[in-house]
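Have a look at the structure below, then the notes.
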2 protein chains.
Amino acid sequence: MRYERGHKEVTRQHILDIASRRFRKHGLAEGISGIMKDAGLTHGGFYSHFQSKGDLVRESLLDAAGKKRARLAEAAQTGGFEALVREYLSRAHRDRLENSCAFAALISDFGRLPRSSRAVFTREVKTYIELIAAQLAGGDEAERRRRAMQIFGVLLGALQLARTIEDRDASDRMLEAGVEAALGLGMH
Amino acid sequence: MRYERGHKEVTRQHILDIASRRFRKHGLAEGISGIMKDAGLTHGGFYSHFQSKGDLVRESLLDAAGKKRARLAEAAQTGGFEALVREYLSRAHRDRLENSCAFAALISDFGRLPRSSRAVFTREVKTYIELIAAQLAGGDEAERRRRAMQIFGVLLGALQLARTIEDRDASDRMLEAGVEAALGLGMH
DNA sequence: TGTACATCAGTGAACGCGCGTTCACTGATGTAC
DNA sequence: TGTACATCAGTGAACGCGCGTTCACTGATGTAC
């Protein structure tokens, strides 16, 4: 081989990683050329890794959602439900768009994706809700899922509002109010 | 005058109205030509009404946010806090993107607007929170504002998640869970 | 009252630009003999 | 061991396209005299 075995797969993952950060930080209008340049390549090579920009969007956001979910699961394992909530509504999560939960960064755009891409995110929402539900005590499964839906709602909404509010103190208060609400909803 | 007095202002409002619907339904990438065509005009005339597309985006979304806020205020006046919550988390609001709260439709994009446009939406968030706070009883003002922030969070998050979930029943359950959470947070 | 001119909302061709995508090519290195 | 050839990840010019924006123009109608 002219390149080491596995080289192409490494490059592909690298492109995915760069793309998922750029899409979350700057939106889905980010171009292929900029992404490839950031990955240390030229735009022409893109199509030997992905079929289209649409494919890159779907794959990179799914990747992003998965990684964030893994981080939240880790937080929950270490510090329980409260740690998950505080991780999601942390200042770091508010400020570092490039590592944001894909929903918090781009949910407005999901409805405009082609059907095939959308289905993937519906499933991802369910997985998030199940992750949250697994941290809750009391009630039956349906009731825990219901509370998990409410909690995901307040986490997502509070984070987005905190990002929209420009005044730093008011934004921090939004995050804190969200934490309080989520913890309250988590109690049985 | 070659056109009746006030004609130009009527046209301008018409363009704003069409634009605000199209932006909410299809995103901010909607083009000037399509908007003007929808308004029964040609694209060249756009610049005698607005300085740039950025201006149209800012003005039309501000308009949209204001109108939705007026609707919510009306609902609250008729049926109190619960009516406001049920209006926001109604199936109609979920399904009719073109009449959506601008935040629920486009909040992801707000952070990418130029500074001058963003300030306007920070203020609009505050106004929404004050509208909600005004429907709450008990506590002091700061405490009611705090609960209003939590409620706006859950309204916004739950609506967006309900829009993302493709399964109709699951989506309806998301809305209902959001209503329950918002009403719970509204109680002192 | 009738005619010449001014006004200006709206028209549509044209612009430069960046986009997603294609494709003939490169060149480093593995394989065949 | 040395040489000819095959492989294929990556290159970069070129494409058609729709975008935001500009501008010389149109034509209906108000105003001046």
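Order of the sequence lines fixes the chain letters, A, B, ..., with proteins taken first and strands second; residue numbering starts at 1 for each chain.
A straight line from CD1 of B:Ile32 to C1' of C:dC17 spans 16 Å, rounded to a whole angstrom. In this structure, B:Lys37 atom NZ and C:dG12 atom C1' are separated by 13 Å, rounded to whole Å. Atom NE2 of A:His49 and atom P of D:dC8 are 14 Å apart (whole Å). Atom CG of A:Leu56 is separated from atom P of C:dG20 by 10 Å (rounded to the nearest Å). Note: CZ (A:Arg12) to P (D:dC8) measures 18 Å, nearest angstrom. D:dG20 atom C1' lies 13 Å from atom CG of B:Asp55, rounded to whole Å. Atom NZ of B:Lys8 and atom P of C:dT7 are 15 Å apart (whole Å). Between the CZ atom of B:Phe46 and the P atom of D:dG18 there is a distance of 20 Å, given to the nearest Å.
Searching all strands for a Watson-Crick or G-U wobble partner of D:dT1 with both distances below 3.5 Å returns nothing. Across all strands shown, C:dA6 forms a Watson-Crick or G-U wobble pair with D:dT29, both key distances being under 3.5 Å. Pairing for D:dA24 goes to C:dT11, judged as Watson-Crick or G-U wobble with the two contacts each under 3.5 Å. Nucleotide C:dG16 has D:dC19 as its partner under the Watson-Crick or G-U criteria, with both atom distances under 3.5 Å.
Nucleic acid contact class of B:Gly31 (heavy atoms, under 4.0 Å, all strands): sugar-phosphate only. A:Glu30 comes within 4.0 angstrom of sugar-phosphate atoms only, judged by non-hydrogen atoms across all strands, and of no base. Using a 4.0 Å heavy-atom distance criterion, B:His7 is classed as a sugar-phosphate-only contact.
The aromatic rings of B:Tyr88 and B:His93 sit perpendicular, their planes meeting at an angle over 60°, well past the 30° parallel limit. Between A:Phe110 and A:Phe121, the angle of the ring planes stays under 30°, which puts this pair in the parallel group of the 30/60° scheme.
Distance from the side chain of A:Lys53 is smallest for C:dG20 among the nucleotides D:dT21, C:dG20, C:dG12. Of all nucleotides listed (D:dG10, D:dG12, D:dT22), D:dT22 comes nearest to the side chain of B:His43. Taking the side chain of A:Thr11 as heavy atoms from C-beta on, and the options D:dG10, C:dG20, D:dG20, the nearest nucleotide is D:dG10. Of the candidate nucleotides C:dT21, D:dA9, D:dT21, D:dT21 has the atom lying nearest to any side-chain atom of B:Ser52.
With A:Leu156 as the partner, the side-chain contact (heavy atoms from CB on, under 4.5 Å) test is satisfied by one option alone out of A:Leu161, A:Ile107, A:Val125: A:Ile107. The only option from B:Glu180, B:Arg91, B:Arg163 that meets the side-chain contact (heavy atoms from CB on, under 4.5 Å) definition with B:Leu175 turns out to be B:Arg91.
For the residue pair B:Arg112 and A:Ala105, the shortest heavy atom distance occurs at NH2-O, 3.3 Å.
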